[in-house]
Amino acid sequence: MAEGILPSRNFGLGGEIMEGLLHGFAVVLTPQNLIFALAGCFLGTLVGVLPGIGPIGSMALLLGATYGLPTETALIMFAGIYYGAMYGGSTTSILVNIPGESSSVVTAIDGHQMALNGRGGAALCIAALGSFVAGTIGLILLTALAPPLADIAVKFGPPEYFAIAVFGLVVLSQLSGEGFVKSAIMVVLGLIVATVGLDGMTGLPRFTFGNLNLQTGIDFIPMCMGLYGITEVILAAEQKIVENKEIIKVRLRDLIPTRNEAKRSAGPTFRASFLGFFTGLIPGPAAVISSFTSYVIEKKISKHPEEFGKGAPEGVAGPESANNAAAVGAFVPLLSLGIPFAPPTALLLSAMMIHGITPGPLLIENHPDIFWGVIASMYIGNIMLLVLNLPMVGMFVRLLSTPANLLMPIILVLCIIGAFAVNNTVTDIIIMVLAGMAGYIFRKVEYPIAPLLLAIVIGPTLEDSLKRSLMISSGSFKVFWSRPISKTLFIITFLVVVVPLLLKLFKKIYNKEKPVAL
Amino acid sequence: MTKLKQILLVPISIAIIGIIYLYEAFKMPFGQVNAPDRSFMPVIYGFVLLGFCLVQILTEIFRPEGKKEKSILSEEEAVDGETTGPKKPIILIISLLIYCIFFNKLGFIVATIPLVFVALRVMEYRSWKASLIVAIIVTLVTYFVFVEWLKVYFPAGILG
């Protein structure tokens with residue numbers, strides 16, 4: 001496909017978006033791209049079904065499969081792997097009560113209860129349809145929001161990028177769930193890893209200890225393979241072999257929900273689509289947060305709150321729709337700013353970089369085939385997933401009966417291939433093994449891994465933009481206050497840190513003043 | 001080791017990494033605020049890391065007795081279900097490190113078959129014979145998919 005700026009016909013922003021989207025469909029609707037989009041959705045779902053690996057691990061494992069493909073095809077396939085893995089998680093939650101990924105934890109509450117009540121098929125259908133509707137609504141919002149945001153981002157200078165990077169990392173630390181300080185430690189560790197290699201400004205090596213392979217820096221992919229894939233393999237080696245859990249069987253005719261179930265699922269799906277999408281724009285584990293928030297909201301406003309936890313369809317439709325919409329929302333900062341706010345989109349960024357594409361505000365202008373091709377492929381992938389997931393659910397579930405002691409050595413080989421293929425050097429395998437060891441320890445001591453991974457990706461942007469800002473301003477930090485966007489972002493970042501601390505303090509004082517009940 | 005000591009082990013270890021990192025960073029030029037050099041950010045990161053580690057250490061020391069974090073290092077309180085101890089993970093990690101050393105010399109196929117075999121045995125997969133057959137099949141299938149079909153390069157080693 002030829003790269004270049006799409007012919008501008010001055011139809012206004014809406015017209016440009018439509019034109020771009022049609023161009024994207026023209027890119028995707030070739031036999032090769034369609035086959036690889038389908039392969040991506042299939043592989044993503046297949047690996048996403050496996051408990052413990054989750055979307056990030058699945059994506060890292062399958063990244064190696066895209067190396068030999070043309071750029072658009074590789075990214076279309078990889079995007080398919082991403083949302084395929086997001087879809088896959090719900091199946092195990094509902095039928096086996098084992099969430100395939102953290103964002104499906106809430107789905108397991110009511111989904112599995114529905115399955116125990118003989119409504120497993122309906123729960124799967126509600127989850128798949130909810131994911132489809134939410135994914136499509138999310139895509140419409142992404143199509144509408146990403147181009148104008150990219151237009152604004154073209155005007156961003158180093159201070160704005162520094163503010164965005166700081167904002168992303170601080171919010172991520174605050175939301176990671178293991179405590180702010182622990183997450184902050186992991187963020188700084190990630191930033192430290194990102195300093196290995198050639199210095200961006202001087203071009204001289206740092207922390208390479210004479211190793212030429214380290215001069216290109218520590219790659220994100222081997223780190224990801226290690227922290228997710230190898231860690232999982234090591235943890236599995238440590239676990240006692242247990243018998244497989246009983247899997248509830250679902251027949252094709254059981255998939256159709258009753259009229260009442262469909263009616264009760266419609267509202268939550270619609271509400272969660274918007275909630276999920278906008279949560280996806282925030283740095284951090286948006287898919288998890290949005291699914292929990294949706295569950296709480298639906299329980300609060302439901303006419304049958306007593307049914308929650310006992311098999312309420314709203315408890316499946318809301319969280320599943322929310323996490324899929326959040327997955328789409330996370331594409332906005334990646335495609336328009338070039339900054340990933342979550343590990344899965346960081347992996348997508350790496351996939352783009354491997355194929356020589358630098359995401360950011362100029363992506364839409366310089367690589368319209370990629371930008372619109374990926375977005376269009378997601379519309380098609382959403383339909384493919386619906387068609388794949390429902391009739392083939394039995395096959396995906398059967399995968400769960402594959403013994404872990406056979407599966408994990410296969411995952412080990414896939415990790416090795418994925419890590420080695422990035423730069424064709426054994427140094428990356430060593431980095432992966434060391435990252436795996438570190439990940440194993442961090443998992444044991446409950447230090448979150450996501451902030452570390454994200455900091456490795458955002459680190460170079462953070463460093464480069466801070467240094468450039470200081471050089472522009474002759475060393476004055478006022479540059480961050482004199483520009484409205486960076487000033488606003490710093491104020492929000494400050495509030496994100498201070499408000500929870502103040503709330504904690506007030507709660508403590510209030511509890512002290514409260515007389516103790518005798 | 002007491003529970004508190006175990007919990008403090010992590011931030012202290014990370015702080016030691018921070019000190020070594022700072023030591024290496026100080027060997028490089030820092031520059032000035034208006035012209036930052038190579039160690040400008042590493043020095044900042046090093047001190048910030050030490051600061052956070054200190055806060056974590058103090059938090060753990062002064063945490064009220066009732067709210068003490070569970071010791072995650074002790075086996076009886078393991079969070080990830082029933083475990084068989086550290087022997088198997090250590091065998092796997094050592095195998096992986098040996099694999100890294102011989103990967104280029106032996107090539108993908110010759111080096112990977114024993115690694116997968118060890119992994120299968122560590123995870124108690126059926127019999128020795130079945131493990132060997134699976135190890136050979138897994139290695140050959142992945143080799144043909146990635147090298148022959150997807151054109152990913154691998155060192156041929158002694159087979160080349």
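Order of the sequence lines fixes the chain letters, A, B, ..., with proteins taken first and strands second; residue numbering starts at 1 for each chain. Note that the structure is a prediction, hence the values are computed from the model and not measured. Only heavy atoms go into these numbers, but all of them, side chains included; no hydrogens, no water, no symmetry mates.
The closest donor-acceptor contact from the side chain of B:Ser127 to the backbone of B:Ala130 lies under 3.5 Å. Using modelled atom types, one side-chain atom of A:Thr195 and one backbone atom of A:Ile192 make a donor-acceptor pair closer than 3.5 Å.
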Just do the side-chain hydrogen bond (donor to acceptor under 3.5 Å, both in side chains) check on A:Ser476 and A:Ser474 with the steps written out, would you?
-> CA-CA 6 Å; A:Ser476 168; A:Ser474 307; over 6 Å; no

Could you walk me through whether A:Val413 and B:Phe108 pass the side-chain contact (heavy atoms from CB on, under 4.5 Å) check?
-> CA-CA 10 Å; A:Val413 179; B:Phe108 176 77; 4.1 Å; yes

Please lay out, stage by stage, how B:Tyr21 and A:Phe207 fare under the test ring-ring contact (aromatic ring centres under 6.0 Å, His included).
-> CA-CA 9 Å; B:Tyr21 178 77; A:Phe207 309 105; 4.6 Å; yes

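For A:Val233, the parts lying under 4.5 angstrom from a heavy atom of chain B are both the backbone and the side chain. With a 4.5 Å cut-off on non-hydrogen atoms, A:Met471 touches chain B through its backbone and its side chain both. Looking at B:Phe146, the atoms closer than 4.5 Å to chain A (heavy atoms on both sides) all sit in the side chain, from C-beta outward.
At a heavy-atom separation below 4.5 angstrom, chain A is approached by B:Leu97, B:Tyr99, B:Cys100, B:Phe103, B:Asn104 within residues 97-105 of chain B.
How far OG1 of A:Thr427 is from CD of A:Gln215: 11.5 Å, rounded to the nearest 0.5 Å.
Annotation: side-chain hydrogen bond (donor to acceptor under 3.5 Å, both in side chains) contacts of A:Asp464 (sequence neighbours excluded): A:Arg468. B:Lys27 meets the side-chain contact (heavy atoms from CB on, under 4.5 Å) test with B:Tyr23, B:Glu24; sequence neighbours excluded. Residues passing the side-chain hydrogen bond (donor to acceptor under 3.5 Å, both in side chains) test with A:Gln32 are A:Thr73, sequence neighbours excluded.
Per-residue counts of heavy-atom pairs under 4.5 Å with chain A were compared for B:Val116, B:Leu120, B:Val141; the largest is that of B:Leu120. Contact count versus chain B (heavy atoms, under 4.5 Å) is highest, among A:Ile410, A:Ile441, A:Ile416, for A:Ile416. Annotation: maximal heavy-atom pairing with chain B below 4.5 Å, among A:Tyr447, A:Tyr440, A:Phe442, occurs at A:Tyr447. Note on B:Ala135, B:Ala119, B:Gly46: by heavy-atom pairs under 4.5 Å with chain A, the leading option is B:Ala119. Of the listed residues (B:Arg38, B:Met41, B:Met28), the one with the most heavy-atom contacts under 4.5 Å to chain A is B:Arg38. With chain B as partner, the option from A:Leu191, A:Thr202, A:Leu69 having the largest number of non-hydrogen pairs under 4.5 angstrom is A:Leu191. Considering only heavy-atom pairs separated by less than 4.5 Å from chain A, the leading option among B:Val145, B:Leu49, B:Val138 is B:Leu49. Counting heavy-atom pairs closer than 4.5 Å to chain B, the top residue among A:Leu466, A:Ile430, A:Leu406 is A:Leu406. The candidate with the highest count of non-hydrogen atom pairs below 4.5 Å against chain B, out of A:Phe477, A:Phe209, A:Phe180, is A:Phe209. Each of B:Phe154, B:Phe40, B:Phe52, B:Tyr45 has some count of heavy-atom pairs under 4.5 Å with chain A, and the biggest count is that of B:Tyr45.
Taking 4.0 Å as the cut-off between side-chain N and carboxylate O, B:Glu124 and B:Lys88 count as a salt-bridged pair. Note on A:Lys467 versus B:Asp37: no salt bridge recorded, every NZ/NE/NH1/NH2 to OD/OE distance being 4.0 Å or above. Remark: A:Glu238 does not engage A:Arg443 in a salt bridge, criterion side-chain N to carboxylate O under 4.0 Å.
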